[in-house]
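All values below were derived from every heavy atom in this structure, side-chain atoms included, with hydrogens, water molecules and symmetry-related copies excluded. Each residue takes its place number in the sequence, starting with 1. Both counts, for ligands and for their atoms, begin at 1 and track the order of listing.
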Amino acid sequence: MSFLSADTPSLLQLRELLSSPRQCVIVTHYNPDGDAMGSSLGLMNALQALGHRAQVVFPNTPASFLHWMPGYGSAITADTHPEQAKNLVCSAEVLFCLDFNKPDRVGLLEESLRAAPFRVLVDHHQRPDTFARITFSDTTSCATCQMVYDILVALKAEEHIDREVATCLYTGVMTDSGSFRYSSTTPHTLRVAAALMEKGAVPDHVFSAVMDDNSEQRLKLLGFTLAERMTVHPQFGTAVIVLEQKDLDRFQFAPGDTEGFVNYGLSIRGVRLAAFFVERPDRVKISLRSKGALPVDQFLSAHFDGGGHANAAGGQSTSPLPDVVARFMELLPAFIAEHPA
Ligand code: 5GP
Ligand code: MN
């Protein structure tokens, strides 16, 4: 079922807002993934079809396996065009904030986001901050793209979901649901996917475009990581992967190369928590994935400046990598004990 009903207040507010042509800017989170990009580019195309001006601004350049997405060429990236990106964000008549719910998720665009006069939030992560005039927050939706689809249908704009919009939205639904395998996949998700297919999204093309874009070096890094950098702790049902900068250098790391590595740990028999630590120039990035009632967003929000979903969340630390991993191992027994399988 759609997360919206005909009299949902945020829907009524948005309908009123879009009743005359607006100058819209759409922003999403740092390191945009398939859902962030799909929802942003899909909404951009749909808003334009509805007679509005719409421009997408990304906090940084997305991984190259997502550059094929329809509309990507017209987006501005703040790492390559910081002043233009900041100006667009702070001076937007309407600023759509998609697939994140805390202002600090947009990197160097945070100040501009806070300065924008009118923000509309559409997001599916836990515990949204209140920084938007209109908030669509639904933690049961598997993807922000699914929410954008529901909003467009509720606005009676379904006819404007053309092949490009459908392809963008399908991509995010597919990637954020783990290709329809995570527990967030509902009958509604599959109905939305079917509707997007009828509008022109081609599942095998999208899957192949996203998944079959490995460089040789990335696959070799994956093999090395699993063989040399993963430790399983059976007593905690936990798999831990730790990658140092020198490991990345050895395999000519490119942005996006470690995307999805964390999931391999979770596929081990008996493992219900997978942790991934990667050393980046300015910080250690942490990804956690879990099965069942093991709320990794709460854990990361309490200890590692992070958040996300109950079973998939991220965080970071500016401490040295060995210290971050040691701290995690200290906290692990209590976290597991508090949430028995
Ligand atoms: P990933 O581990 O793939 O980076 O992220 C998993 C989920 O957690 C995604 O939905 C992502 O948006 C969210 N996430 C990742 N890093 C952070 C973070 O530092 N803070 C918060 N609040 N969410 C994050
Ligand atoms: Mn998402």
Side-chain angles (χ1 to χ4, degrees), residues 3 26-43 58-60 62-63 65-66 96-107 110 121-129 131 136-150 168-179 182 184-185 189 192 210 240-241 243 255-266 273-278 280 282-290 294-318 324 328:
F3 78 103
I26 300 164
V27 70
T28 187
H29 60 78
Y30 189 82
N31 285 345
D33 56 13
D35 190 32
M37 289 189 64
S39 55
S40 301
L41 298 171
L43 180 65
F58 293 123
N60 64 332
F65 69 90
L66 294 167
F96 283 91
C97 301
L98 300 190
D99 201 38
F100 67 97
N101 62 18
K102 295 186 169 40
D104 67 1
R105 295 280 290 137
V106 296
E110 179 175 351
L121 176 74
V122 184
D123 179 67
H124 67 138
H125 293 93
Q126 303 282 340
R127 289 186 295 276
D129 276 8
F131 64 95
F136 295 90
S137 169
D138 181 48
T139 57
T140 71
S141 287
C142 71
T144 300
C145 279
Q146 184 175 303
M147 297 177 69
V148 170
Y149 174 85
D150 287 336
C168 288
L169 298 183
Y170 181 90
T171 301
V173 173
M174 184 193 85
T175 56
D176 256 31
S177 69
S179 301
Y182 299 152
S184 56
T185 305
T189 303
V192 169
V210 174
V240 179
I241 293 174
L243 280 182
D257 274 0
T258 58
E259 194 76 36
F261 280 18
V262 63
N263 293 309
Y264 287 92
L266 205 58
L273 175 64
F276 178 76
F277 298 83
V278 60
R280 306 299 300 133
D282 55 335
R283 67 201 168 129
V284 173
K285 182 80 186 81
I286 306 166
S287 287
L288 293 184
R289 300 291 184 269
S290 69
L294 198 56
V296 288
D297 62 313
Q298 287 177 25
F299 178 83
L300 287 176
S301 140
H303 303 294
F304 292 102
D305 182 26
H309 308 287
N311 294 122
Q316 56 246 302
S317 172
T318 49
V324 180
F328 172 80

Apply side-chain contact (heavy atoms from CB on, under 4.5 Å) to V106 and F100, showing your working. CA-CA 8 Å; V106 296; F100 67 97; 3.5 Å; yes
Between S287 and ligand 1, find which residue part has any heavy-atom pair under 4.0 Å and reply side chain, backbone, both or neither.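 It is both parts that get close, each with some atom under 4.0 Å.
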Record the part of R289 in heavy-atom contact with ligand 1 below 4.0 Å; permitted values are side chain, backbone, both and neither.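 It is the side chain that gets close, since no backbone atom is under 4.0 Å.
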Hey, which of T144, N60, D99 is the one that makes side chain to side chain donor-acceptor pair (under 3.5 Å) with H29?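 Of the listed residues T144, N60, D99, the side chain to side chain donor-acceptor pair (under 3.5 Å) partner of H29 is D99.
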Contact summary for G307 and A313, nearest pair of heavy atoms: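 Smallest heavy-atom distance, with atoms named: O-CB, 3.2 Å.
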Identify the heavy atoms of N311 and L294 that sit nearest to each other, and give their distance.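 In terms of heavy atoms, the two residues are closest at ND2-O, 4.3 Å.
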Angle at the Mn ion (ligand 2): provide the value between NE2 of H124 and OD1 of D99, rounding to 10 degrees.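 Computed angle, vertex at the Mn ion (ligand 2), rounded to 10 degrees: 90°.
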What angle, to the nearest 10°, do the atoms OD2 (D176) and OD2 (D35) form about the Mn ion (ligand 2)?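 Once rounded, the angle between the two atoms at the Mn ion (ligand 2) is 90°.
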One thing to verify: whether R127 and D297 come together as a salt bridge, which I'm taking to mean a side-chain N less than 4.0 angstrom from a carboxylate O.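 The answer is yes: the pair qualifies as a salt bridge.
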Which residue from G307, S301, G306 reaches closest to atom 23 (N) of ligand 1 through any of its heavy atoms?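 Ranked by closest heavy atom to atom 23 (N) of ligand 1, first place is G307.
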Which of these, K285, Q316, H309, has its nearest heavy atom closest to atom 16 (N) of ligand 1?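 Result: the heavy atom closest to atom 16 (N) of ligand 1 is in K285.
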Can you confirm, on distance only, whether ligand 1 has an N/O atom lying under 3.5 Å from any N/O atom belonging to E259?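 For ligand 1, there is no N or O atom that lies under 3.5 Å from one belonging to E259.
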Tell me the protein heavy atom at minimum distance from [atom], and give that distance in Å.
atom                    : value
atom 7 (C) of ligand 1  : A312 O, 3.5 Å
atom 14 (N) of ligand 1 : R105 NH2, 3.4 Å
atom 15 (C) of ligand 1 : G314 CA, 3.4 Å
atom 10 (O) of ligand 1 : H125 NE2, 2.6 Å

Between CD on residue Q316 and CG on residue L300, distance to nearest 0.5 Å: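 If I round to the nearest 0.5 Å, the distance is 9.5 Å.
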Measure the CZ-NE2 distance between F3 and H124 for me, rounded to the nearest 0.5 Å.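 Result: 11.5 Å between the selected atoms.
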Which ligand 1 atoms are under 4.0 Å away from a heavy-atom of A313?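 Going through ligand 1 atom by atom, the ones under 4.0 Å from A313 are 2 (O), 6 (C), 7 (C), 8 (O).
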Check ligand 1 against G308 and write out every atom of the ligand that is under 4.0 Å from a heavy-atom position of the residue.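 Answer, ordered by atom number: 8 (O), 13 (C), 23 (N).
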May I ask you to decide if the ring planes of F328 and F304 are parallel, tilted or perpendicular, using 30° and 60° as cut-offs?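 Tilted.
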Does Y182 OH have over 12 foreign heavy atoms under 6.0 Å away?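 Yes, the 6.0 Å shell around OH holds more than 12 heavy atoms from other groups.
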